[in-house]
Every structure is written in C-alpha cells, then in structure tokens.
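Below is one structure, written out as structure tokens; the observations come after it.
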Amino acid sequence: MADSSCNNLTSLARALSQPTLNLNDMNDVTLSPTRSIPLFKCRRRKLSICNSIESVEPSPIAPEARVLVINTGGTIGMTLHDKVLAPKANAFFESLRKLPILHDESYAQQTGMYDYYGPENILVLPLSKEKKRIVYTIMEYTPLLDSSNMTTDDWRKIGKDIEKNYENYDGFVILHGTDTMAYTASALSFMCEHLGKPIIVTGSQVPIYEMRNDGRDNLLGALLIAGHFVIPEVCLYFYNNLYRGNRSTKVDAGSFNAFASPNLAPLACAEVDITINWDTVWRANTTAKFHVSTELNRNVGLLRLFPGITSATVKAFLQPPMEGVVLETYGSGNAPDNRPHLLAVLKKATDNGVIIINCTQCLRGTVSASYATGKVLMDAGLIAGGDMTPEAALSKLSYVLAKKDITIHAKKKMMAQNLRGEMSADLAGAKLCLSDSRFIQVIAKSLSVSCKEELEAIRDALTPPLACAAAKIGDIEALEALKEMGSNLFLGDYDGRTPLHIAACEGHLKLVKYLLSHGATVYAKDRYGDTPLCNAVRFRQKEVVKLLRKTGAHFSRDELEEAGTELCSLAASGDMEGLEIWSLAGADLNKPGYDGQSAIQVAEAAGKKEMVAFLHQLKKKTVIGEFNECDEYDDDDESEGIEFIAAPTAQSNLG
Ligand SMILES: NC(=O)C[C@H](N)C(=O)O
C-alpha cells in the first residue's frame, strides 16, 4: 500500500505544482500537456514578395493562430453623436487597419493573406515576441449595441456564432460594452458546455478612436492571450488582467481599471510577460464535444434586500411568471429573522417551485449559515449561493431553469453545484472511500476538479485521514508525499485524531519523532479529550511515552487526579509494566485512589511483597529524576528500546 499510495500522492502533488508559464516559455507551447489542441497552424502559403520563379514554391511562414473577434458594440467602438457617445457602425475594421500595433499590412500583402483567407474582414498582428502571428477576423454585429441594451437574445446570438465558427479558430474575442459585460461573460460561461478554447470578453472605457484610450491595449492583450494560450474558459480581459468571466464584476465607472474578481485571483496578468496562473485555470475535464446551450429562461430576477423592504414588495416580485430569483442579502447571507411575514412570503415562493438563491450584497466573501438571520433563509428553502457574484447567479439561474427534461429538484441541485468555477466548492461533506488507494484521483475526477483551489480543497479534506492511515502503518514516505503536497501533518481527522495520536497508539517511535519534527503537537486533543500521551499510555508504548514526555507532553490536572485509582488497580493486579508506564507518563505513585489508599498501600494490604519492592524502586527512580532522563534515539532502529528500569515481564503477578 505504501508504494501505491505514494505514487498516487506524488502525481497529485505534481498536478498541484504545475509551473506558471509565460510568453517567454512559449517555444514549447504545442508540447505542453495542458494544451491538447494544436495551437499554431504552420500553414504553407505562397510568398508574393516578388515574382521570381522561387517564390512560386510554397514557403513556410511564421506559425499563425486564428482568432475570431465578434464586435457587439460598447464604448470601444463609439463616437460622439449630438454630444453623447453611441456606437459607430462599419468604422472599426477600417480604423484598426490603420493602426500598426493592431495590423501589419506589409505582412498581409507579402504573404497573400487576403487571398488565402477570402473575403473576410481580416487583420494580422505584428510578429509577437514568440515569433507567432495572430491573424484575426472582425465580425461586426448590426446594430452595434451599448451593452445596456443587451438581452438574452444577444447572448444567444454570440453563443451561436461561436459554435458555428468553433472549429475554424483557436480563440474568440468578444468586444462588448462594459456596463453589462460581467453578465454576458457569466452567461456565456454556462452556455458554452465542454469548452476547450479561450473566449475572451473585452471592451474599453474610452473609444479606440480617441488619442488616450484603453481600447487598444485591451484588444491587443485579449488577442495575444486568445491566440497564444489554450485557456478553456470564458474570460474577461481588462486593464492587464484576465479574469474568469463568471467571477468578475464592474466596480468602477470612471477608471480604466474597471473590473474586479473579488473572490478569485486573476487567471493571468499581462505585465512585462503575460503570466498565466495555470493552477487557477478551470478545465472542463471532459471528452464531450463543445456545445452551446442557447435556451435561456427570462423569468428570473435580482432582488436586493434593504432595511425597509416590505413583505408586499417581495411578494409582488415573486409572483408568476417569476421562476428564479437571486436575493441579495446582508453580509454572510443574512435577512431579518424577526419578520415572520416576510419569511413566510419567501417560504411560500420556494414551496411553489421558485428557486431563490442567497447571494451576499458584499463585494467579497461568501454566504454561510453562521447567524440565526442566515439560517432562517435556509429554513425558508433558499439555496446558498456561496461566493457567486449576483451576475453569475442570475445567468446560472437563467441557464439551469431553461433545462428541459430535468426535475426542479435536479435544477436546485445544479444551482448549488460548482458548474464552471463560478463558486468555491464546499467539500466539507465529501464522503471518502479509504479502501481505494486511488481515491484522490477518483474523487477529483468525479467532482470535475480542474483547478488549484478545488484541488487544495480536496487535499485539505482528504489528507488528514490519509495521514492517519499512513501513521497507522508507519509509512513515513506517504507522510512525506503528503507534506510535499502542502498538507499539514498536524491536522486531525473527523474525530480530531491526529497522525501523532495514531502513531502513539501503534508505537511507531520513528514516525512519532518524524511527526514531532514536522509540526505535530503533543497537545493535540481528539474529540474524546485524549492526547497522544494518553493514547501511548493506554497502548503501553513505553518508548513513545518517554519521547512524548521529553517533548513536553503531560497529563492534565484531571488525569493526574484520576491516576491514583488506576495505579491502585494496577498494583492490585500485579501489573508492573502498567505501573511503569503510568509513572513514566508523570503519574504520582503516592496519589491515593478513590478510597484514599495509595498503590503501595494496596499492594501491602494484599501481601504482594515483590510489588511493594517494585513500587519503592520506581518511586526512588522518580525522586532522583532517572525517569525523566531520555536517551538519544537511534533513527534507524525503531526496535531499540530505552531501558531505564529492570522491567519485569508484562503480566507477572507476584501475589
Ligand atoms: N464603457 C462602456 O462600454 C460603457 C457603455 N455604456 C456600454 O456598456 O456599452
């Protein structure tokens, strides 16, 4: 078992420590195991730089990646009309064509790119640092929209266009207004099932036509990431940061730094290098084909609680045809628990089949039932939305409620599950199968675990019992592997029993020493209040008792009080080994038992002379401190005991 568990742990450890890649590492981009899709097509195309006979032969050109840019509107392509900004149709492509950082006309001419790709609005970025060309096509929607005008129909259109063009492009960039960008990015993340390519939503705060603007940088960054990296997520790129789309929210109307992802670190940062946080990237973990689910339910809504809200308002909001509501509650998911009418209105709605998701009004953090004012909402049938943004919760509702052929129960279950990395999974209730040596991988796979946070949550849930299992059989290698994974070897299992408790019971001296030197504490108490020292005494692990005592372990005041009765009983039964262990552990041999007699008095009264002599000898050793002296341990020989007293045989009864 040691070997197989070790191998499994080691591979999980490897998965957890996947290195960060950046553009400087892109030479091996097509070889990386995380990028299963061939990224750069090394096309052969005629060079038309001159008409010499050689140029007729096809010549290899720089590897190219193809990106489809869908321009839906937004400030990035707006101009002033009657002193207000509004989208300008049929201007974007021509404008980009004149910007050398966004289009290399001479390359396009020399390589015959226009002929090769046909009558598309096609552009090409200058050669990237990694010697790649991003060739991109602009698909412009009519009409272009300020994103305030967007509806679910527009989400559907985007989804369909991506699906239609999925196989022809390596990545997709969606140009979009910032006002509802987080809603669209969230919705697309759910609609795009089994996604394997990057979809990056971006836009700007200032039109690309103005001298000082953020549009060019945002578009360039989005294109580079979509063309260079296989990040199989719907992302939002803004102000040098790539966020998971369903984790992002607009936080600033007047800054270039307009978005935040309060509950998840960015997936990538575009600084001197573009650094992808691969551990955070969500992966569909599937072999199923990409599909866009365009069915969306519009009978959903967002309702923000405020102190004076009336039950009548809430009731009106929850009336048919409403089918799903995101209730934005206070703090960690709280609502008044002294308003029975209001709670009754919520309960009635959930009883009638309306799905209500509890999301916090706070920018950061998660809902939990830590307050009475939060628990009442669970009692009213609300589903905890974890740390989902309201945008993600709303679009998830719209997606889930539109699913046909599944029951309301299944829909509620989906809402509580992490579908696309939109919420941090609660793995507290995960059931484990310790008999399966591959259980971490099996569980990770069955939960579609694909990113660092999820793996860490699994690790933290699973490794305490794993470490205890390793401690039981004295497997230091397995503990070492767990430690390499970042596990804390001092954590307890479901019963608060730490590996040190287990190793103390089993008498694995070497392993006890290993644990003590790797953060284990002798003061850990399990749910029964027992320390490793108590366990070592109970299982008569003399050497472990000595080592624990040397490390500072001691009986509690209560345990010392109760020790008298135990010592008397051991003396009465002639159990010298037991007395020795108790004495070693710090029990006072003079301590009277429940009837006021000490162990020696009990032995004397029973006429057990040898026992009396043994106890006197033991007491003498204690007085002169020999008991507390501890030899140095030989790490390599666990069986080598530490003799401190001529111990009689275990069960010798001299009476
Ligand atoms: N910066 C922007 O794009 C804002 C604009 N009103 C929109 O959302 O379309």
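In each ligand, atom 1 is the first atom listed, and ligand 1 is the first ligand listed.
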| Any chance NZ of Lys315 has more than 12 other-residue heavy atoms, nucleotides or ligands included, within less than 6.0 Å? | no

| Are side-chain N/O atoms of Ser186 and Glu391 paired as donor and acceptor at under 3.5 Å? |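 Short answer, no.
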
Are any of the N/O atoms on [X], whether in the backbone or the side chain, positioned under 3.5 angstrom from an N/O atom of ligand 1?
| X | answer |
| --- | --- |
| Asp146 | yes |
| Thr178 | yes |
| Asp179 | yes |

| request: Considering only non-hydrogen protein atoms, determine which one is nearest to atom 5 (C) of ligand 1 and report residue, atom name and distance to 0.1 Å. | output: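 Closest protein heavy atom to atom 5 (C) of ligand 1: Thr75 OG1, 3.4 Å.
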
| query | Of the protein's non-hydrogen atoms, which lies at the shortest distance from atom 8 (O) of ligand 1, and what is that distance? | reply | Ser147 OG, 2.5 Å

| contact_flag Ser204 ligand 1 heavy-atom lt 4.0 Å |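 It does; at least one heavy atom falls under 4.0 Å.
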
| said: Between Asp351 and Lys348 (salt bridge meaning N to carboxylate O under 4.0 Å), is one present in this structure? | reply: no

| Is a salt bridge present between Asp273 and Lys129, judged by a nitrogen-to-oxygen distance below 4.0 Å? | yes

| In ligand 1, which numbered atoms sit nearer than 4.0 Å to a non-hydrogen atom of Gly177? | 3 (O), 7 (C), 8 (O), 9 (O)

| task | Using a strict cut-off of 4.0 Å, indicate which atoms of ligand 1 neighbour a heavy atom of Gly74. | result |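 Matching atoms, with element in brackets: 9 (O).
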
| task | Given side-chain hydrogen bond (donor to acceptor under 3.5 Å, both in side chains), test Asp387 with Ser424 step by step and report yes or no. | result | CA-CA 7 Å; Asp387 55 358; Ser424 304; 2.7 Å; yes

| task | For Asp146 and Ser148, run side-chain hydrogen bond (donor to acceptor under 3.5 Å, both in side chains): C-alpha distance rounded to whole Å, both residues' side-chain angles, the deciding distance at 0.1 Å, then the answer. | result | CA-CA 5 Å; Asp146 184 302; Ser148 303; 3.1 Å; yes

